[in-house]
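For ligands, and for the atoms within them, numbers begin at 1 and follow the listed sequence.
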Amino acid sequence: MSSSPTLSVVIPVYNEEMNIGKLYQRLCSALKPLNTDWEVVYVNDGSKDRSLSILQGLAESDSHVKYIDFSRNFGHQLAITAGIEHAKGEWIVIMDGDGQDPPELIPDLLDKAKEGFEVVYARRRKRDGENFLKKFTARMFYRILAKITSIEIPVDTGDFRIIHRKIQRILSKMPEQHKYIRGQISWIGFNQTFLEYDREERMGGATKFTYRKMMRFALDGISSFSTWPLKVATISGFIVSAVAFVLIIYSLYQKFFGSTEPGWTSLHISVLFLGGIQLIGIGMLGEYLGRVSDNVKNRPHYIVRDSNIADAED
Ligand code: UDP
Ligand code: MG
């Protein structure tokens with residue numbers, strides 16, 4: 001296939017041996033009726049199970065199947081990034097490899113996009129098979145993020161979406177290390193809309209996102225698109241300083257004109273309070289500074305070990 005396909009489907013894969021085959025079947029039957037040329041770009045993100053050999057098997061028997069094999073686990077967002085970069089289609093779909101994003105929705109996404117949208121994202125109406133804490137923290141996070149960022153990042157939306165080649169080109173010019181792709185795509189603009197769908201349970205296996213990973217991801221999202229936490233540090237610093245100033249006047253007044261009690265309690269409280277506020281401020285600075293230093297290093301985002309795409313290996 002030398003000519004470019006119309007549709008590329010990008011799927012990150014990390015230990016999904018139980019799901020690859022079934023999802024591939026569902027994908028094929030969803031795309032066949034479309035009568036367009038398509039490809040699927042699997043990105044194996046350092047899987048430790050048989051995922052890679054299953055993908056290579058698929059690629060051998062079906063020329064629609066492309067794969068990129070990372071040298072180690074680089075994380076979901078970078079796996080998607082690699083897939084998008086090497087997708088050849090005019091339209092690119094991003095979806096998970098565990099069946100939670102139904103491939104059956106792709107024809108609808110494509111139809112909607114062709115009405116004149118560069119981005120159509122799939123918004124989750126409900127989420128099955130995820131526990132209360134995950135749903136609650138996700139809900140809170142999306143709403144807080146929407147409040148404190150200056151761009152409109154849609155709530156309750158993962159990376160499941162279709163984007164036009166134009167968006168791919170612009171994404172490749174946004175080289176930040178800590179990716180929050182759904183935020184980057186919102187930031188780019190053009191015409192964006194959404195379709196609603198019911199998020200299904202994983203077909204097999206367990207989630208790869210621990211709460212720790214989700215926390216890091218949330219911080220990436222916030223620090224990439226908002227400087228609000230830094231402002232909080234500054235504002236609370238001012239407020240605390242004002243209070244402290246009043247207290248200093250008060251204690252001096254007490255010393256010279258009132259009775260000086262050994263004020264250990266108040267002393268302790270104020271020292272601890274100030275210490276806490278300062279640490280919060282320093283912590284926030286650190287979060288941003290760490291990311292600045294990562295970006296200054298300018299390392300490649302991911303390293304490819306093997307691929308059946310001609311230009312994917314370095
Ligand atoms: N994934 C990945 N690298 C990782 C973690 C996850 O490529 O380090 C893939 C995973 O195989 C799946 C998708 O990203 O296709 C979403 O992961 P998961 O289903 O674990 O996340 P959840 O749906 O629980 O948020
Ligand atoms: Mg999942």
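Scanning M95, H76, K134, R202 for the heavy atom closest to atom 18 (P) of ligand 1 points to R202.
In summary, the atoms of ligand 1 found under 4.0 Å from a heavy atom of K213, numbered by their order in the structure, are 8 (O). Of all atoms in ligand 1, numbered sequentially from 1 with element shown, those under 4.0 Å from a heavy atom of R199 are 23 (O).
Looking at D45 against ligand 1, only its side chain comes within 4.0 Å, counting heavy atoms. For M214, no heavy-atom contact with ligand 1 is shorter than 4.0 Å. Proximity of N73 to ligand 1, defined as any heavy-atom pair under 4.0 Å, is confined to the side chain (atoms from C-beta onward).
For CZ of F136, the number of neighbouring non-hydrogen atoms (other residues, nucleotides, ligands) closer than 6.0 Å is 12 at most. A 6.0 Å sphere centred on CD of E60 holds no more than 12 heavy atoms belonging to other residues, nucleotides or ligands.
Look at E104 and R26 and you find a salt bridge, because one of the NZ, NE, NH1 or NH2 atoms lies within 4.0 Å of a carboxylate O, short of that distance. Using a 4.0 Å cut-off between charged side-chain N and carboxylate O, E17 and R50 make a salt bridge. Electrostatic pairing of R169 and E85 does not count as a salt bridge here, judged by no charged N lying under 4.0 Å from a carboxylate O. E287 has a carboxylate O that lies under 4.0 Å from a charged side-chain N of R216, or vice versa, which qualifies the two as a salt bridge. Using a 4.0 Å cut-off between a side-chain N of Lys or Arg and a carboxylate O of Asp or Glu, K213 and D220 do not qualify as a salt bridge. The pair D101-R161 does not meet the salt-bridge criterion, since no charged nitrogen lies less than 4.0 angstrom from a carboxylate oxygen. Between E16 and K208 there is a salt bridge, since a side-chain N of the basic residue sits under 4.0 Å from a carboxylate O of the acidic one. Checked for salt-bridge contact, K166 and E118 meet the test: a charged N lies under 4.0 Å from a carboxylate O.
For atom 10 (C) of ligand 1, the nearest protein heavy atom (residue, atom name, distance) is E16 OE2, 3.2 Å. With respect to atom 5 (C) of ligand 1, the closest heavy atom belonging to the protein is K208 CB, 3.6 Å. Nearest protein heavy-atom contact of atom 15 (O) of ligand 1 is G97 N, 2.7 Å. For atom 24 (O) of ligand 1, the closest heavy atom belonging to the protein is T207 OG1, 2.5 Å. In terms of protein heavy-atom proximity, atom 21 (O) of ligand 1 is closest to F209 CD1, 3.2 Å. In terms of protein heavy-atom proximity, atom 23 (O) of ligand 1 is nearest to Q100 OE1, 2.6 Å. Atom 1 (N) of ligand 1 has as its closest protein heavy atom Y14 CB, 3.7 Å. For atom 19 (O) of ligand 1, the nearest non-hydrogen atom of the protein is D98 OD2, 2.7 Å.
Protein atoms of type N, O or S found under 2.8 Å from the Mg ion (ligand 2) total 2.
F141 and Y180 have perpendicular rings, their planes meeting at more than 60° on a 0 to 90° scale where under 30° would count as parallel.
The main-chain N or O of Q25 is found under 3.5 Å from a side-chain atom of S29 such that the two form a donor-acceptor pair. A donor-acceptor pair is defined here as one N or O able to donate and one able to accept, closer than 3.5 Å; such a pair exists between the side chain of S226 and the backbone of I148.
Backbone and side-chain nitrogen or oxygen atoms of P12 are examined, and one is located within less than 3.5 angstrom of a nitrogen or oxygen of ligand 1.
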